[in-house]
Amino acid sequence: MEKILSDFLEMVRADAISFDERKVADIVKVKLAELGCVDIYEDDAGAKVGGNTGNVFARYPGTLPGSILFSAHMDRMPQGFGIEPVIENGVISTRGDTILAADDLGGVAAILDGIRKLKESGKPHCTVEILLTICEEKGLLGSLHFDYSGVQSKIAYALDSPGHIGRILIASPHSAKLQCEVFGKAAHAGSEPEKGKSAAVGAARILADLREGRLDHESTANFPIVQAGHGATNAVCDYAVIKGEARSIDKQKLLDYIDYFEKHCMEKAAGFGVTAKVEWTMGSPGYSVPKDSAAVRLISAVFDQMGVTPLPEASGGGMDANRYNYNGMQSVGLATGYFDNHTTNEHVFLDSFLRTGEMVCRTVLEYTAHPEIYNV
Ligand SMILES: [Zn+2]
């Protein structure tokens, strides 16, 4: 069995979840040391977020100048205990009662395999930095609490995206949580309803023609939570709340939408004779890395060498690459062959996955050979 596959199976069988990545971290630290990595340390991010494990950082030292960072996350979604991987017809899946945790132990195994292949190649190379995070699935908490001041790399690849090898996530949206509270007037529903004003109806009027769903090719909004009243039918409703989110690759479009949302809510509420109060908070920062950037050109050159078609696309969600860009690195997400992540249908195509170590190794060698053309 290929080492990348046995590493992967060993890690998915080690029970873990966000805030408890201990077993995976312990396995990974041993493997990194065996491969010859140095500066291996686990930071104190776990304590900061209420977990029992920190982010694991390591360096695979090179003799040539430059450094490049590869990242994956060690936590996984719930339903990830007792995973029994099933390999059949070139696909790894589960028995259907758990996730597979290829999101993102596939990424971790790929990085380990890349280092192994680099070592076996015997070729001189630059330094490789490895960052394996915790609590990615809990709002990128591990990468939020990592101290980037010691990182040398200017380019970072997050091996954490669904899809076949070749898919490059060049953008990820900025996001915000939005809510509108609606205040009406209570009255007895049977004896004097004309003295009341229904906040529930006010909320319905707000939602009726609110722009939401797909706003444009890079922006979305969704308001799935609507609550009203106090559980009784014999009073006119005096309170309702609408909760949702908006996202856009373009930060200005997101801010414009928030403005629109606030105006829309205020106007519709006033028009119906109730009042509204809008509040919002920004989520993790988005990013957009140009197709002609060093990070995209480098990985595209590697895919060309491998006979893989590069597929640069925008992501609908967030990942650690969001924080790496925010912290001054140029970072994109890379697919490692998994599909239907976050479900018990999660599966991995071996033909993609088994080449991800090669992808990592070739990226280091290509960068080492031409540092001047991949200058950030
Ligand atoms: Zn992930």
Side-chain angles (χ1 to χ4, degrees), residues 4 7-8 11-12 14-21 23-25 28 45-46 49 51 53-56 69-81 83 85 92-94 98-114 130-146 156-173 175 247 283-287 313-326 331-349 352-353 356 359-360:
I4 184 174
D7 278 353
F8 173 70
M11 289 187 288
V12 303
D15 288 346
I17 190 168
S18 304
F19 303 109
D20 180 8
E21 301 87 351
K23 285 181 183 164
V24 172
V28 164
V49 303
T53 312
N55 298 302
V56 172
L69 187 143
F70 294 90
S71 171
H73 63 87
M74 299 184 289
D75 65 316
R76 66 184 77 162
M77 295 293 282
Q79 286 189 283
F81 282 10
I83 296 173
I92 318 174
S93 58
T94 66
T98 66
I99 58 164
L100 179 59
D103 174 8
D104 187 30
L105 298 174
V108 178
I111 295 169
L112 294 171
D113 197 50
I130 299 139
L131 175 54
L132 305 174
T133 61
I134 56 164
C135 291
E136 192 273 350
E137 304 288 7
K138 291 292 172 186
L140 320 179
L141 286 181
S143 55
L144 173 66
H145 290 285
F146 184 72
Y157 294 103
L159 275 66
D160 181 24
S161 304
H164 285 292
I165 189 168
R167 186 163 184 250
I168 310 167
L169 280 304
I170 57 171
S172 167
S175 66
R247 306 177 189 219
S284 57
Y287 71 86
E313 286 183 341
S315 164
M319 64 182 124
D320 285 332
N322 291 52
R323 299 222 187 272
Y324 303 154
N325 280 290
Y326 184 78
S331 185
V332 294
L334 298 177
T336 55
Y338 65 72
F339 287 80
D340 291 345
N341 50 319
H342 298 196
T343 77
T344 54
N345 201 25
E346 185 180 3
H347 57 286
V348 171
F349 284 92
S352 271
F353 174 58
T356 51
M359 170 183 82
V360 169

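When a ligand or atom number is given, it counts from 1 through the structure's own listing order. Just so you know, these numbers use all the heavy atoms, side chains as well, and skip hydrogens, waters and symmetry mates. In this chain, numbering begins with 1 at the start of the sequence shown. If you're wondering where the values come from, they're calculated on a predicted model, not measured in any experiment.
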Counting no waters, how many protein N/O/S atoms sit under 2.8 Å from the Zn ion (ligand 1)? 4
Donor-acceptor pair, distance only, cut-off 3.5 Å: does the side chain of Arg323 make one with the backbone of Phe146? no
Taking the ring of Tyr287 and the ring of Tyr326, is the distance between their centroids below 6.0 Å? no
Is there a donor-acceptor contact under 3.5 Å from the side chain of Gln79 to the main chain of Thr98? no
With Arg247 via salt bridge (Lys or Arg N to Asp or Glu O under 4.0 Å) - residues at least two apart: Glu245
Decide if the gap between the ring center of Phe349 and the ring center of Tyr338 is smaller than 6.0 angstrom. no
Charged N-O contact under 4.0 Å between Glu313 and Arg167: yes
